[in-house]
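Data first, discussion second: the structure below is written as structure tokens.
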Amino acid sequence: MSDFALPAPDLAPLLLGARLIVRGAGGIITETEAYTPDDPASHSFPGQTRRNASMFGPAGHAYVYRIYGLHWCLNVVGLPGHAVLIRALEPTEGLAQMQARRRRPDRLTTGPGMLAEALGITGQDDGRPFGTADFTLHLSPPGNWLTGPRIGITKAADWPRRYGLPGSAHLSRRF
DNA sequence: ACTCTGATGTACT
DNA sequence: GTACATCAGAGTA
């Protein structure tokens, strides 16, 4: 979808409020982070590799990678080399499914690793296009949003490229 | 509330 | 060998 063919800093706030449903489980996206090719913290910064290939693929597809050898993280691809990390959402569908997958059902989706686990996302979803029956992402752009420094990175950590829905109770951290 | 640590795959030097 | 877009559990307070 060309809706998604945008620079990550434009796509990231647009994805707030969007409804993400993966195989019957999901909810409303509350927190995102933008990564661009000129960003030292971005996987696309060194250029294309096997791992980040889908980050250079079509817009509106998923980029899923493994982090710390343990967890999966879900991104939405924008322009080539641009991606938006989905960090948190408000669970609305498939609650029982998500609770069964999570070790801590009190924190279902308030962090990228938890979110991927709750939604059952793995490396098999890398490169998958959004917009099929089992993999939907319906945009619903918010009127306003918060920005702040990103989380869990060391390079360019102060770039204000974390975005969140104001007042949401489902954020990985307060802004 | 906070700080520390173990778990562990993949990409990179 | 080292770094990493993390999480859970244990410890201190």
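Order of the sequence lines fixes the chain letters, A, B, ..., with proteins taken first and strands second; residue numbering starts at 1 for each chain.
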Kindly indicate, with the supporting measurements, whether the criterion side chain to side chain contact (heavy atoms under 4.5 Å, CB included) is fulfilled by Leu74(A) and Leu85(A).
CA-CA 6 Å; Leu74(A) 171 68; Leu85(A) 173 66; 6.0 Å; no

Please determine, by modelled atom types, if Ser44(A) and Asn52(A) share a side-chain donor-acceptor pair under 3.5 angstrom.
no

Rounded to whole Å, how long is the line connecting atom CE of Met55(A) with atom P of dA11(B)?
15 Å

Tell me what Leu85(A) touches on the nucleic acid: a base, only sugar-phosphate, or nothing, going by heavy atoms under 4.0 Å.
base

Applying ring-ring contact (aromatic ring centres under 6.0 Å, His included) to His43(A) and Tyr65(A), what does each step give before you reach the verdict?
CA-CA 10 Å; His43(A) 290 172; Tyr65(A) 68 93; 4.5 Å; yes

Identify which nucleotide among dA8(C), dC4(C), dA5(C) has an atom closest to any side-chain atom of Arg104(A), counting heavy atoms from C-beta outward.
dA8(C)

Of the nucleotides dA8(C), dA5(C), dC12(B), which one has an atom closest to the side chain of Thr49(A)?
dC12(B)

Here the distance between atom C1' of dC4(C) and atom NE2 of His71(A), to the nearest Å, is 12 Å

Rounded to whole angstroms, how far apart are OH on Tyr163(A) and P on dA5(C)?
18 Å

I need the CG-C1' distance between Leu70(A) and dG9(C), as an integer number of Å.
14 Å

I need the CG-P distance between Leu108(A) and dA8(C), as an integer number of Å.
10 Å

Find the distance Ile121(A):CD1 to dC7(C):P and express it as a whole number of Å.
13 Å

Phosphate OP1/OP2 of dC4(C) contacted by Thr154(A) side-chain N/O (<4.0 Å)
yes

Measure from CZ on Phe45(A) to P on dC4(C) and round the result to the nearest Å.
13 Å

SB check Asp39(A) Arg150(A) (cutoff 4.0 Å):
yes

Quiz question: by atom type and distance under 3.5 Å, do the side chains of Asp38(A) and Thr36(A) form a donor-acceptor pair?
yes

Counting just side-chain N and O atoms, does Arg87(A) come under 4.0 Å of either OP1 or OP2 of dT6(C)?
yes

Taking dT6(C), dA8(C), dA7(B) as options, the one with an atom nearest any side-chain atom of Ile67(A) is dT6(C)

Taking for each residue the nucleotide of DNA chain C with the nearest heavy atom, is it Arg103(A) or Val84(A) whose nucleotide lies nearer the 5' end?
Val84(A)

Does dA13(C) have a Watson-Crick or wobble mate here (both distances under 3.5 Å), and if so which one?
none

Contact under 4.0 Å: His43(A) side-chain N or O vs dA5(C) OP1/OP2:
yes

Sugar-phosphate only, base, or nothing, as touched by Arg102(A) at under 4.0 Å among non-hydrogen atoms
sugar-phosphate

Just how far, in rounded Å, is P of dT6(C) from OH of Tyr65(A)?
6 Å

Pairing partner (Watson-Crick or G-U wobble, both distances under 3.5 angstrom) of dT5(B)
dA8(C)

For dT13(B), give the paired nucleotide (Watson-Crick: N1-N3 plus N6-O4 or O6-N4; G-U: N1-O2 and O6-N3; both under 3.5 Å), or none.
none

Please determine, for the side chain of Met114(A), which listed nucleotide (dC7(C), dG9(C), dA5(C)) has the closest atom?
dC7(C)

Quick check for you: among dT6(C), dA8(C), dA5(C), whose closest atom lies nearest to any side-chain atom of Tyr68(A)?
dT6(C)

Establish, from distance only, whether the side-chain atoms of Glu31(A) and Ser172(A) form a donor-acceptor pair under 3.5 Å.
yes

Remember a base hit wins even if backbone is also touched, and classify Gly69(A) as base, sugar-phosphate or nothing at under 4.0 Å, heavy atoms.
base

Taking the side chain of Arg66(A) as heavy atoms from C-beta outward, which of dA5(C), dG9(B), dC4(C) is closest to it?
dG9(B)

Ranking dA5(C), dC7(C), dC4(C) by distance to the side chain of Pro112(A), first place goes to dC7(C)

